[in-house]
Amino acid sequence: MVKCEYTEICAFFNEGMPDRPAIANMMKKKYCARNPSACARYMILKTVGKDRVPVDLVPNDGDMAQSIIAEG
Ligand code: SF4
């Protein structure tokens with residue numbers, strides 16, 4: 001279990017998904033509390049930086065993360 005180092009600055013962690021709180025909580029357990037390196041937001045934070053993370057990006061959208069990272 002490795003808690004994500006970005007919980008304080010992450011919009012998803014702090015605001016969740018107001019219309020889908022149950023899904024957001026499941027994702028927080030799966031990614032934020034246990035496996036942040038698999039999170040799409042984390043991947044972008046670690047590589048191209050905070051400013052490139054779309055505010056509404058969800059942790060399981062790895063395809064979007066890959067395209068943002070590929071853009072550099
Ligand atoms: S959504 Fe991703 S980047 Fe944000 S706190 Fe959770 S694991 Fe970290």
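In what follows, every heavy atom counts, from backbone to side chain, and hydrogens, waters and symmetry copies are set aside. Remember, it's 1-based here, ligands and their atoms both numbered in the order they're listed. Position 1 is the first residue of the sequence, and the numbers go up from there.
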Asks: Given a threshold of 2.8 Å, state how many protein N/O/S atoms are nearer than that to atom 4 (Fe) of ligand 1.
Replies: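 Atoms of protein N, O or S type lying less than 2.8 Å from atom 4 (Fe) of ligand 1 total 1.
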Asks: If the condition is salt bridge (Lys or Arg N to Asp or Glu O under 4.0 Å), which residues does K30 pass it with, not counting sequence neighbours?
Replies: none
Asks: Which donor-acceptor pairs under 3.5 Å do the side chains of residues 65-72 make with protein atoms, sequence neighbours left out?
Replies:
from, atom 1, to, atom 2, distance (Å)
S67, OG, D63, O, 3.2
S67, OG, M64, O, 3.1
E71, OE1, R52, NH2, 3.1

Asks: Below 4.5 Å, heavy atoms only, C-beta onward: do C39 and N60 meet side chain to side chain?
Replies: no
Asks: Output all residues satisfying side chain to side chain contact (heavy atoms under 4.5 Å, CB included) with C10, sequence neighbours left out; order by chain, then residue number.
Replies: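 Scan of C10 (side chain to side chain contact (heavy atoms under 4.5 Å, CB included), adjacent residues dropped) gives F12, F13, R41.
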Asks: As a quick check of understanding, evaluate side-chain contact (heavy atoms from CB on, under 4.5 Å) for C4 and Y31, giving each step before the final call.
Replies: CA-CA 8 Å; C4 180; Y31 295 98; over 6 Å; no
Asks: Kindly indicate whether the side chain of V2, heavy atoms from C-beta on, has any atom under 4.5 Å from the side chain of N35.
Replies: no
